[in-house]
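Input: a single structure, listed below in structure tokens.
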2 protein chains.
Amino acid sequence: MEWKIDDSRPIWPQIKEQLMRDIVAGKYPMGSPFPTVRDLAEDAKVNRNTMQRALSELENEGLVITNRTSGRTVTMDENLIKLTRGKIAKEKIVSFRQEMEDMGFTMEEIISLMRGSDSDVEKGE
Amino acid sequence: MEWKIDDSRPIWPQIKEQLMRDIVAGKYPMGSPFPTVRDLAEDAKVNRNTMQRALSELENEGLVITNRTSGRTVTMDENLIKLTRGKIAKEKIVSFRQEMEDMGFTMEEIISLMRGSDSDVEKGE
DNA sequence: ATTATTGTCCTAAGCACTTAGGACAATAAT
DNA sequence: ATTATTGTCCTAAGTGCTTAGGACAATAAT
């Protein structure tokens, strides 16, 4: 898979959030096996420990279940997944909207710009 | 002023971006004097060096002009400000939209959720 | 002329993140 | 029974961020 990691933030939260999005999007179905730490680390080209840091966070949130030696699986808790999806979305929406309005964009301007994400934004004001 | 700084990222980029949003929003008008490094640092409760790091970045982008001993002023380049405003907005829109769609939200769902940022998002799916 | 202000540079220390690699217990595979 | 796999823990080193505070040149203020 394709990993989007930049150096603007620590790596492990970026991985954690990316995996969370993949899980709530159903890319890793409920109850299905999760790749091993070593495989994921190799794929993302990061250290074992870095990936484990991200995975242990996912476990703390209850999104993945760890079985000591048989690997990990995605949670079967459908409600948790839906709640998590909604929570992430809400947080993103609030901060996005806040920052856009801080720059002086109105709600309708934001929506208009989002609909045509290719048109020139710089004519604003 | 109110500073929104969290520990998810280094402090200086957060300050830089916040000041950029304030400038392009006209909160610091074109040509007007900019607070001193020490004052800004005290206000944001960060170290001098941290604030200077942010300000030197703003200068690299041309948004503020530094006059060795008489302080700084906001640029008079109206075009630069408009271009910067558009650039920031576009980047935010693209990444926001990308991450929301990664989670399985459609364009219309996103807009609907944004319009009523208080309603429950968790009923989605 | 003297003093204060401003931006800037500097060292030093503490801290979190990242990488590299070694090691171990518990289980799966053979 | 033996071997491989898996999650996990550990040390060690390097790097960047942050803070603290000292110092200096150029200019403004008096």
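The basis for the numbers below is simple: all heavy atoms, side chains too, and nothing from hydrogens, waters or symmetry mates. Protein chains get the first letters and strands the later ones, always in sequence-line order, with residue 1 at the start of each. Quantities reported herein were computed from a predicted structural model and do not represent experimental measurements.
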Separation of [X] atom [atom1] from [N] atom [atom2], in whole Å?
X       : N      : atom1 : atom2 : value
A:Arg38 : C:dG22 : CZ    : P     : 12 Å
B:Asn47 : C:dC9  : CG    : C1'   : 13 Å
B:Asn60 : C:dT8  : CG    : P     : 10 Å
B:Glu42 : D:dG21 : CD    : P     : 14 Å
A:Arg48 : C:dG21 : CZ    : P     : 9 Å
A:Met51 : C:dT19 : CE    : P     : 10 Å
A:Arg68 : D:dT5  : CZ    : C1'   : 12 Å
A:Gln52 : D:dC9  : CD    : C1'   : 8 Å

Requested in this report: Can you tell me the pairing partner of C:dT19 across any strand shown, Watson-Crick or G-U wobble, with both distances under 3.5 angstrom?
Outcome: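 Across any shown strand, C:dT19 pairs with D:dA12.
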For C:dA26, what is the paired nucleotide under Watson-Crick or G-U wobble rules, both distances under 3.5 Å?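 Answer to the pairing question: D:dT5, which forms a Watson-Crick or G-U pair with C:dA26.
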- Query: What nucleic acid atoms does B:Arg72 come within less than 4.0 Å of, heavy atoms only: base, sugar-phosphate, or nothing?
  - Reply: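 Sugar-phosphate, backbone atoms only, no base.
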_Heavy atoms only, 4.0 Å cut-off, all strands: where does A:Asn67 land among base, sugar-phosphate and nothing?_
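Answer is nothing: A:Asn67 stays at 4.0 Å or more from every strand.
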Test: A:Glu101 and B:Arg21 ion pair at under 4.0 Å: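 The answer is no: the pair does not qualify as a salt bridge.
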Worksheet item: Out of D:dA20, C:dA20, D:dC17, which nucleotide sits closest to the side chain of B:Asn49?
Response: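 Of the options given, the side chain of B:Asn49 lies nearest D:dA20.
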With a cut-off of under 6.0 Å to the ring centre and 45° to the axis, is A:Arg97 in cation-pi contact with A:Phe105?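 No.
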Q. Ignoring hydrogens and angles, does a donor from either the side chain of B:Arg53 or the base of D:dG16 sit under 3.5 Å from an acceptor on the other?
A.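 Looking at the base of D:dG16, it does not pair with any donor or acceptor on the side chain of B:Arg53 (distance under 3.5 Å).
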TODO: Go through the N and O atoms of the side chain of A:Asp7 and the base of D:dG16, and report whether any donor-acceptor pair is under 3.5 Å.
DONE: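 Flag unset: no donor-acceptor pair detected.
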Donor-acceptor pair, distance only, cut-off 3.5 Å: does the side chain of B:Glu99 make one with the backbone of B:Val94?
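No.
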>> Quick check: on DNA chain C, is the nucleotide nearest A:Thr69 upstream (toward 5') of the one nearest B:Glu59, or the reverse? Name the residue that is more 5'.
In response: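 Its nearest nucleotide being more 5', the pick is B:Glu59.
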Should A:Thr50 be listed as having a side-chain N or O under 4.0 Å from OP1 or OP2 of C:dT19?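 Result: yes.
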Side-chain donor-acceptor contact under 3.5 Å, B:Asn49 with B:Asn47: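 A pair is found: one side chain offers a donor N or O, the other an acceptor, under 3.5 Å apart.
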Among A:Thr66, A:Leu55, A:Thr73, A:Asp39, which residue satisfies the side chain to side chain contact (heavy atoms under 4.5 Å, CB included) criterion with A:Phe34?
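Result: among A:Thr66, A:Leu55, A:Thr73, A:Asp39, A:Leu55 is the only option passing the side chain to side chain contact (heavy atoms under 4.5 Å, CB included) with A:Phe34.
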Exercise for review: For B:Ser70 and for B:Val46, locate the closest nucleotide of DNA chain D by heavy-atom distance; then report the residue assigned to the nucleotide nearer the 5' terminus.
Suggested key: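 By nearest-heavy-atom nucleotide position, the 5'-most residue is B:Val46.
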